[in-house]
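Worth saying up front: this structure is predicted, and the values here are computed from it rather than measured. Counting convention: from 1, in listed order, for ligands and their atoms alike. What you see below is based on every heavy atom in this structure, not just the backbone, and it leaves out hydrogens, waters and symmetry mates.
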Amino acid sequence: MSKKRFETAVVHEGYDAKEMLGSLSTPLFQTSTYEFQSAEHGERSFLGEEDGYIYTRLGNPTVQVLEKRIAELEGAETGLAFSSGMGAISAVLIALTKANDHVLCSSGLYGCTFGLLMMMKEKYNMTVDFSNFTSKEEIRSQIKKETACIYIETPINPTMQLVDLQLVAEVAKEFDIPVVVDNTFSSPYIQRPIELGCDVVVHSATKYLNGHGDVIAGLAVGKKEFLDKVAATTQKDIGAVLSPFDAWLLLRGMKTLPLRMDRHSDNAEKIVERMLKHDKISNVYYPKNGDGDIYKKQMKRGGGVISFEYKGDKKESQALLDRLSFVKVAVSLGDPETLIEHPATMTHAVIPEEERLKMGITDNLIRLSVGLEAWEDIWEDLEQALNN
Ligand code: LCS
């Protein structure tokens with residue numbers, strides 16, 4: 001059978017109803033363990049001599065459909081599911097590094113990813129540097145003999161700056177260093193890092209992949225050899241595995257990913273056009289309007305997140321949020337509801353002020369996750385809050 005297009009794969013890939021009594025919808029295997037046919041069968045299962053299931057932390061049929069589906073969508077060999085985005089990120093980073101190693105990161109990171117790296121730095125004497133990844137020379141000059149991996153968010157949460165993934169992957173290959181990309185903000189519908197030469201993709205599937213604001217989940221995809229190691233060590237033994245029910249919800253939510261991403265992007269484009277003309281807004285950050293060349297090279301659409309700087313101080317920026325009516329003041333993103341938050345005091349509050357400002361997270365930066373509502377209603381609510 002020929003390889004299916006994205007919109008088809010997101011509905012069908014990884015599931016064959018014939019193997020599940022014809023059930024058209026993926027069955028929910030809500031079980032923690034599996035009965036062995038005999039003690040010897042159990043022994044052989046633990047030795048890896050038998051296919052099949054042992055215990056849900058080690059594998060579950062519902063979760064495995066999701067793992068196959070995300071691997072196909074990202075163009076990767078294999079996938080693994082976790083109980084949160086941070087579960088996926090920590091399992092991958094801990095598997096790739098050891099004491100005294102160096103990690104080179106994008107110039108901004110989600111607050112908890114930053115926190116995890118700072119903890120690894122302190123506990124394991126690791127070093128962490130940040131790069132703008134603007135040229136091959138710059139990247140080469142920042143790679144050390146202890147560099148264990150390169151870790152990138154693009155677009156960066158919440159500044160929306162972009163990193164040229166192909167450029168980084170080409171330099172990383174020269175040094176044989178794996179490149180890990182957090183693809184949460186784009187989803188594979190918009191950007192596919194593996195096809196650009198990167199090695200591992202991680203997701204907070206809590207966001208666009210699930211798309212309904214009712215699940216916390218993480219995913220990682222990459223080469224089978226590496227992810228088999230993660231599955232047998234940092235996933236299995238640390239244990240941040242996804243529950244079958246949450247995998248089932250994710251499989252359901254993901255089916256509409258292409259429709260939702262187009263709608264989020266259409267809505268965001270309309271809002272950006274108006275924000276650019278509003279005299280209470282000094283800067284608007286949206287992928288399509290920023291690094292034009294990188295955007296064209298690697299992204300299909302701009303996605304649903306816009307950040308902007310309000311002409312006011314911290315208190316006045318917080319007061320703007322309180323004047324909104326149906327737009328919700330909440331962290332997270334990628335939900336059907338439009339969400340707004342203040343990164344300096346919420347998602348990125350754990351980052352010390354000096355580093356936070358270096359990342360471009362000022363006290364008047366506001367992040368908007370544009371939802372699926374009518375864009376006119378979203379803009380009317382924002383406009384009344386901006387004008388009051
Ligand atoms: N990566 C990125 C880029 C994220 O934005 C988040 C969560 C994570 C990883 C962690 O995923 P989780 O464990 O929550 O599934 N970002 C959040 C945010 O910006 N607001 O609330 C959570």
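- Summary of contacts: the protein heavy atom closest to atom 5 (O) of ligand 1 is Asn157 ND2, 3.0 Å.
- Judged by the shortest distance from any of its heavy atoms, Pro343 lies outside the 4.0 Å radius around the atoms of ligand 1.
- Ligand 1 lies nowhere less than 4.0 angstrom from a heavy atom belonging to Met346.
- Using a 3.5 Å distance cut-off with no hydrogens or angles, the side chains of Asp237 and Thr233 do not pair a donor with an acceptor.
- Under a hydrophobic clustering in which Ile, Leu, Val, Met, Phe, Trp and Tyr are joined whenever their side-chain heavy atoms come within less than 4.5 Å, directly or via other members, Tyr285 and Leu357 fall into different clusters.
- Shown in contact with Ala217 at under 4.0 Å from a heavy atom are these atoms of ligand 1, numbered in order with element: 15 (O).
- The aromatic rings of His348 and Tyr110 stand perpendicular to each other, their planes meeting at an angle above 60°, with 30° marking the opposite boundary.
- Side-chain atoms of Gln318 do not come within 3.5 Å of backbone N or O of Thr345 as any donor-acceptor pair.
- Every heavy atom of Leu109 sits 4.0 Å or more from the atoms of ligand 1.
- Between the side chains of Asn364 and Thr362, at least one donor N or O lies within less than 3.5 Å of an accepting N or O.
- Remark: the Tyr34 side chain and the Asn60 side chain contain an N/O donor-acceptor pair separated by less than 3.5 Å.
- Applying the 4.0 Å criterion to heavy atoms of Asp182 picks out, from ligand 1, the atoms 1 (N), 2 (C), 3 (C), 9 (C).
- Within ligand 1, the atoms closer than 4.0 Å to a non-hydrogen atom of Thr347 are 18 (C), 19 (O), 20 (N), 21 (O), numbered from 1 in the order shown.
- Panel note: side chain Ser135, backbone Glu138; a donor-acceptor pair is recorded below 3.5 Å.
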Fill in: Residues Lys136, Glu170; criterion salt bridge (Lys or Arg N to Asp or Glu O under 4.0 Å); working and verdict
CA-CA 8 Å; Lys136 287 193 171 179; Glu170 280 172 14; 2.7 Å; yes
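- The two residues Gln64 and Gly59 come nearest to each other via the heavy atoms NE2-CA, 4.0 Å.
- When only non-hydrogen protein atoms are considered, atom 10 (C) of ligand 1 lies nearest to Tyr110 CE2, 3.6 Å.
- Here is the list of ligand 1 atoms found below 4.0 Å of a heavy atom in Val331: 20 (N), 21 (O).
- Ligand-side atoms of ligand 1 in range of Met86: 10 (C), 11 (O), 12 (P), 13 (O), range being under 4.0 angstrom from any heavy atom.
- Of all atoms in ligand 1, listed by their number and element, those nearer than 4.0 Å to a heavy atom of Leu333 are 19 (O).
- Atoms of ligand 1 lying under 4.0 Å from any heavy atom of Ser332, numbered from 1 in the order shown and given with element: 18 (C), 20 (N), 21 (O).
- Among His348, Arg367, His203, the residue whose heavy atom lies closest to atom 19 (O) of ligand 1 is Arg367.
- Shown here for Val329 and Met346, the closest heavy-atom pair between the two residues is CG1-CE, 4.2 Å.
- With a heavy-atom cut-off of 4.0 Å, Val202 does not touch ligand 1 at all.
- At least one heavy atom of Lys207 sits under 4.0 Å from some atom of ligand 1.
- The shortest N or O to N or O distance between Thr206 and ligand 1 is under 3.5 Å.
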